[in-house]
Structures are given as C-alpha cells and as structure tokens.
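Letters go in sequence order (proteins before strands), and every chain restarts at 1.
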Protein chains: 2
Amino acid sequence: MFQLNLKDHSPLYQQIKEQMKTMIISGALKADEKIPSVRELAQMLTINPNTIQKAYKELEQEGFIYSIRAKGSFVTPRDNILKEVRINELMTNLEKTVRELIYVQVPCQQVVLYIKKLYAEEGSTADD
Amino acid sequence: MFQLNLKDHSPLYQQIKEQMKTMIISGALKADEKIPSVRELAQMLTINPNTIQKAYKELEQEGFIYSIRAKGSFVTPRDNILKEVRINELMTNLEKTVRELIYVQVPCQQVVLYIKKLYAEEGSTADD
DNA sequence: CTTCTGTATTAAATATATTAGTACAGTTAA
DNA sequence: TTAACTGTACTAATATATTTAATACAGAAG
C-alpha cells in the first residue's frame, strides 16, 4: 500500500502525505473510505506512530481527510473539499512550471496536448 | 533584488535558489550576466556566505548558472542548458498538478486557456 | 602586491524531523 | 462493564538538516 524511501532526503511524513494524496486523487481511495489507523500504518511501515500522526494532521488541515475521534480517519468526499484556496495554490504552481517550460522552449502545443491527454484519461467527471 | 522570509519554514538557501531561478526565467537576469558574488550577496542579505554558496552550488548543478574561479558566477545562456532531464522533471510536476486540478473539477478549457495566456505573454521566443 | 573572485574545510550552534513512551477521551464489540 | 480499538496530545531524547563562524587556498584584475 505504501512505500517509504529511507534514502530519500525528504521527510517520511512528507512521503506519506504525498502517497496518500496520490491515492485519493487517483481514486484508489474513495469518498468516506476508512484509511489505516495511525498505529496500524505505523506498524505496517515499521516507523513511529507520531510520524503518521503528523502526516494525517496536515492532510486533515489541507482538507483531504477527516478524522473522527475513536472511530478513525476517512477520505473527504471531493465535493466537500474547500476548493478555492487549493485551486489558487494549484494555479500558482501551474504558472511556475509553465513559465519554466516556456524558458526551456517547450512549445505551447506540446503542453496543451499533454494536458488534454490527462483530462481524457480520467477526466470523465470534469469534462465540461 | 532579493527578499528573504525568515519566518518561512523553507531553508534560506532554497529561497535564494527559487528567487534566482525566477529572475533567470523571467528574463530579469540575462545570458552570461554576472550575478552577485557569494560574499556580496551574503552582505546584502546579512546572512552567512556559506548559505549563498550552497544555493549557487545547486543552481550550478542544475544548470542555471556557471561559475568561473576568481571571476564570478554567471547566468547560463538558455540554449546551453541541458534541457532533457529538466523537461522530464517539469512534465512530471505538470502531471501531478493537473491530476489534482482534475480532481477538484477545474475544467480542461480553463487550464488550457490559462496556459495559452502565459505563452502569449512572454512566449514570443517559443511560440511554435 | 592588494583585492576581489570561487571553492573547500572544520567546528559549533540552531532548527527540524523522528523516535519513544505515556496518557486521555470516546467508540465498538464481546 | 470490560477489553480493545480509535484520534489526539504531550514531553523527552535522539538524529538529521540547516546555518553560522572562521579559515584557507588558487586564480584573476588592477
């Protein structure tokens, strides 16, 4: 389910966050689905529960999961996500990447076609 | 020229790297232009020269600047940059951002139009 | 020769990340 | 109720990363 790279210089809790986000976004984890408990996942990865807790805490702050005391942590349904702030962040990120793509002279068409391909692949819910 | 955010949790050398890259990509710094020396910039920002050195070292490894011993550090001309690896990184980054944009249901058209706008703004050298 | 440049190194100090252990409150099921 | 699970919080100790400090060397420029 999860793979940690101990050689990587990025913190473990960041790696956990990223992988959880990827699974949510890809649809591998569905709305309101229960994700492993802090202690469970810690045991699976043989790392400290506090590290998982830190990852979950930030995922919750960013709106990707929600936690219910004594019950568990669950995937936030897509429609419940507070989108506006996140969309702004994503667009800023997008701008930065595209400006550098322009700098290294990747043609506009190539970028646009790539994006359309991504939307075609799994964009069946947002293809307006 | 540079602004550091001491409150930010991102390392100073990262902030310097990011700002230098932004200035290069935006064209504020031109090809073969001399950038401030390690000691100069350290004095300007009232931080340690070693921190600047670390930023410059990575910028050089990533191909954005080149350094000549005893002369200074300079902006790598765009055409001399080893692009392939960097383009791969940028496309991976782009994919990740776009997949999340899809997840939060931003329509394809909006993304594409935004990118075309960016290319139109300053893409006069890569508008094929 | 003097002053500037990049580069390198070592040591100390600070900040961040991780582990370890413990505790509390609430849920679930036996 | 009891037992086992959940999230959450906290402190302390350790490990790693970052930053500062102080030097030093080699080459370029005036």
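- Residue contacts shown for A:Y56 are absent, as no nucleic acid heavy atom lies under 4.0 Å away.
- Toward the 5′ end of DNA chain D lies the nearest nucleotide of A:I35, the other residue of the pair A:I35 and B:T51 mapping further downstream.
- Distance B:L41 CG to D:dT19 P: 14 Å, rounded to the nearest Å.
- When each of B:P11 and A:V38 is assigned the nucleotide of DNA chain D bearing its nearest heavy atom, the one mapping closer to the 5' terminus is A:V38.
- Side chain of A:Q15 to backbone of A:S10: a donor-acceptor contact under 3.5 angstrom is found.
- Within 4.0 Å of B:Q14, counting heavy atoms only, lies no atom of the nucleic acid at all.
- Residue A:N48 contributes atom CG, which lies 12 Å from atom C1' of C:dT22 at whole-angstrom precision.
- Put simply, NZ on B:K96 and NZ on A:K21 are 6.0 Å apart, with the number rounded to the nearest 0.5 Å.
- Taking NZ of B:K17 as the reference point, atom CZ of B:F64 lies at 8.5 Å (rounded to 0.5 Å).
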For nucleotides 25-28 of chain D, give me every protein contact, N/O to N/O, under 3.5 Å, one pair per line with atom names.
none

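- Rounded to whole Å, atom P of D:dA29 lies 11 Å from atom NZ of B:K34.
- Counting to the nearest Å, the P atom of D:dT6 and the CD1 atom of A:I52 are 13 Å from each other.
- Residue side chain A:N50 reaches the base of C:dG21 through a donor-acceptor N/O pair under 3.5 Å, judged by distance alone.
- In this structure, B:S37 reaches the C:dT5 phosphate: one of its side-chain N or O atoms is under 4.0 Å from OP1 or OP2.
- OP1 or OP2 of D:dT8 lies within a sub-4.0 Å distance of a side-chain N or O belonging to A:S67.
- Rounded to whole angstrom, the span from the CD atom of A:Q53 across to the P atom of C:dT19 amounts to 13 Å.
- For the pair B:E58 CD and D:dA17 P, the interatomic distance rounds to 13 Å; values are reported in whole Å.
- Listed for the A:T46 side chain is no donor-acceptor partner under 3.5 Å among the backbone atoms of A:Q43.
- Spacing between atom CD1 of B:I47 and atom C1' of D:dT20 amounts to 10 Å, rounded to whole angstrom units.
- Both B:S73 and A:K54 lie near DNA chain C, and the one whose nearest nucleotide falls closer to the 5' end is B:S73.
- Other residues, nucleotides and ligands contribute only 12 or fewer heavy atoms inside 6.0 Å of the NZ atom of A:K57.
- Rounding to the nearest 0.5 Å gives a distance of 6.0 Å between CD1 of B:I16 and CG of B:L45.
- For the pair B:L4 CG and D:dT18 C1', the interatomic distance rounds to 14 Å; values are reported in whole Å.
- In terms of heavy-atom proximity, A:G63 sits nearest to A:T76 at O-OG1, 3.0 Å.
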